[in-house]
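The figures here come from the full heavy-atom set of this structure, side chains too, leaving out hydrogens, waters and symmetry mates. What you see is a predicted model; the values in this text were computed from it and never measured. Numbers restart at 1 for each chain; the letters A, B, ... are given by sequence-line order, proteins then strands.
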Amino acid sequence: MDLRLYDTLTKDKRVFAPIDPSKVRMYVCGPTVYDFAHIGNARPAIVFDILFRLLRHRYGEAHVTYVRNITDVDDKINDRALRDFPHLPLNEAIRKVTEKTEAQFHADVDALGCLRPTVEPRATDFVLPRADGKTDMVTLIGQLIERGHAYVAEGEVLFDTQSMPDYGKLSGRRLDEQQAGARIAVDAHKKHPGDFVLWKGSSDNEPGWDSPWGRGRPGWHIECSAMAAAYLGTTFDIHGGGLDLIFPHHENEIAQSRCAHDTAVMANYWMHNGFLQVEGEKMSKSLGNFVTIRELLESKRFGGRNWSGAVLRFAMVKTHYRSPIDWTVDALDESSKRLTRFRQTVEKFGARAGGDVAPAFLERLADDMNTPAAIAELDGLNRRANEASDQDAARQLAASLSLLGISPDMEQRAPGNELFDDNIRQLIGSRTAARANKDFKESDRIRDVLLAMGVVLKDGKDTDGKPVTTWEIAR
RNA sequence: GGCCACGUGGCGGAGUGGUUACGCAACGGUCUGCAAAACCGUGUACUCCGGUUCAAUUCCGGACGUGGCCUCCA
């Protein structure tokens, strides 16, 4: 069965053919580490994690390289550093901000069930030429100047967009059209208003590196060109990111990379996840609907309860990755219910992941990651398992969920208390014993105790007819 | 103003030129010490107007609506 992927550049869905199946290569634009990641940031992390898992499943774990950068040089980071650590030297303050934020980001996406990428390079490690000879930004910029694709003007190095005949192909923007729009800053030193900065000078309270063009820092797009080449080579398989990055970020990455390396393409498939709204409105701090991953996991700010990483992940993948998502309490509620049903079936049959993924499920996923259709197959498996006590269906359900990055125990973790789980299991054990003795008074007492803890019990039977009790957090 | 998506039942959300998506909610039932859950069954749909076609929710054109990008942004 073929894997088919939608390519933003060619606007079509086609069979994925890696350049080298023994070394499938994917680059995804990662976070700028200046503040807590919001739920919108979680989307590309989850979407491309699923693609990563799918590729590993097809080509083998050792044959897929997933690079996701960490942007740790950015004006927002500078601002945050000056605000939060005014007494520290700038570099130290910046390091404090980026290290803390990076740790937060990792904790958040870990909780969402995302695997760590193969490599997570930090931009600041790729500004200057490196001892290991991996591609760096200064060298890349030098190559662009040499090849006549960039020029120096007023202390900046600018990319000469007119030097690239098909600039704008990804976003469908032509240079002459852009002149019409008044939004692009017209600077006298630019040859064309669409030209963008590769290198800019730094003042004393901005981070800077010594370069052939003076002390300065890289522009917004060059870091990804450098790090992608450093780990994946000049042409690779998949480049991903959010829809909003198509222009200017990815457009400019393509321009830089192709012109510096003189290649026909930078990546063979450009993939973009859709945007997310919150309760029907664009997420913004001014509307007060700005919600971070951490808040969803740990606070009751959204919907009066907190949500497990599995529920957040499920809510994210029950919509196709290219469609917009309206992030609502109702959607999380529904996700929680559906997931609980799957979990109960898996537990009831004692099914463990590691078995075979259901073929129909895999087929849906292979069709440009049609996760909603794939999940519908899980409903079918769930039904088959329960209707006909079909062990195999339950095993396939567990294995398929696992390919989606969802394991049953992710759902069960009670927030903020690691002993919670064990405690509940003990109480359930006592209650099961009481029920076996027909001591229903005691049995009901324990059930009430658990209910007071916010835990609802569900009695069932396993395939041998033995009583099995599962539980979930009360809604 | 330019570019790009999208508009499916009460809600979420796939897909298809003629045949059940799927789930949540609702209603009915089976089962269980009770409750809950689970399982089974039932109903409701394809924004509007033209066109192509034997046949359109599905293709083409238009209208209206929603969202995104064009500036840091997943």
Side-chain angles (χ1 to χ4, degrees), chain A residues 8 11 28-32 34 37-48 71 74-76 79 168 171-174 176-185 194 220 240-249 251 272-277 280-284 314-315 317-326 328 330-345 348 364 367 370-380 382-389 434-436 438-441 443-444 447-448 451 456-461 467-472 474:
Chain A
T8 308
K11 295 195 191 345
V28 174
C29 293
T32 300
Y34 71 100
H38 60 248
I39 189 60
N41 295 311
R43 195 167 186 192
I46 291 170
V47 163
F48 292 105
T71 298
D74 179 275
D75 289 350
K76 283 195 290 281
D79 296 345
S171 57
R173 279 163 223 277
R174 299 218 322 269
D176 48 354
E177 279 169 354
Q178 284 191 52
Q179 267 170 323
R183 296 292 195 89
I184 292 177
W220 309 315
L243 207 60
D244 57 319
L245 295 181
I246 293 173
F247 189 89
H249 185 58
E251 196 70 78
H272 295 96
N273 62 272
F275 251 51
L276 178 149
Q277 288 183 284
E281 288 181 307
K282 180 168 178 167
M283 180 164 52
S284 75
F314 192 90
V317 299
K318 80 190 186 69
T319 301
H320 185 87
Y321 76 92
R322 285 191 276 124
S323 300
I325 289 185
D326 191 11
T328 62
D330 284 350
L332 292 184
D333 247 329
E334 187 190 320
S335 300
S336 174
K337 284 175 193 170
R338 295 181 74 174
L339 215 44
T340 300
R341 259 166 20 102
F342 291 149
R343 194 191 84 214
Q344 286 184 328
T345 300
K348 190 167 126 191
R364 301 295 200 163
D367 180 18
N370 192 341
T371 48
I375 290 169
E377 298 293 343
L378 298 186
D379 290 317
N382 184 64
R383 175 172 309 191
R384 246 174 61 208
N386 285 298
E387 199 175 8
S389 282
R435 288 177 71 213
K438 302 230 184 289
D439 184 354
F440 299 122
K441 218 173 156 180
S443 156
D444 289 352
R447 184 164 66 198
D448 288 343
L451 190 61
V456 179
L457 297 185
K458 292 153 192 193
D459 295 330
K461 283 182 177 163
V468 173
T469 299
T470 57
W471 61 274
E472 68 175 313

Is any side-chain N or O of A:Asp444 under 3.5 Å from a base N or O of B:G33, one able to act as donor and the other as acceptor? yes

Roughly, in whole Å, what's the span from CE in A:Met283 to P in B:A74? 10 Å

Can you tell me if A:Arg338 touches the phosphate of B:C22, counting only side-chain N or O atoms and a distance under 4.0 Å to OP1 or OP2? no

Give a yes-or-no answer on whether the side chains of A:Asp74 and A:Thr32 include a donor-acceptor pair shorter than 3.5 Å. no

From the candidates B:G33, B:G68, B:A74, the one with an atom nearest any side-chain atom of A:Asn41 is B:A74

If you measure from the ring centre of A:Phe275 to the centre of the six-membered ring in the base of B:A74, is it under 5.5 Å, with the planes under 30° apart? yes

Nearest whole angstrom, please: distance from the C1' of B:A36 to the CG of A:Asp459. 8 Å

Nucleotide of B:A14, B:A74, B:A36 approaching A:Val456 most closely (side-chain heavy atoms): B:A36

Of the candidate nucleotides B:A74, B:A25, B:G13, which contains the atom at the shortest distance from the side chain of A:Lys337? B:A25

Could one point to a donor on the side chain of A:Arg447 or the base of B:A35 with an acceptor on the other under 3.5 Å away? yes

A:Thr32 side chain, from C-beta outward: closest of B:A74, B:A14, B:G23: B:A74

Identified stems (criterion: three or more consecutive Watson-Crick or G-U pairs, under 3.5 Å), RNA chain B: B:1-7 with B:64-70, B:10-12 with B:22-24, B:26-30 with B:38-42, B:47-51 with B:59-63

Among B:C39, B:A36, B:A74, the nucleotide that comes nearest once only the side chain of A:Asn382 is considered: B:C39

Is there a side-chain contact between A:Thr371 and A:Tyr321, using heavy atoms and a 4.5 Å cut-off? no

The nucleotide from B:C69, B:A14, B:C22 with an atom nearest the side chain of A:Ser323 is B:A14

C1'-based separation of B:A26 from B:C64 [nearest Å]: 32 Å

If the condition is side chain to side chain donor-acceptor pair (under 3.5 Å), which residues does A:His249 pass it with, not counting sequence neighbours? A:His221, A:Glu253

What about A:Ser443: does its side chain form a donor-acceptor pair under 3.5 Å with the base of B:G33? yes

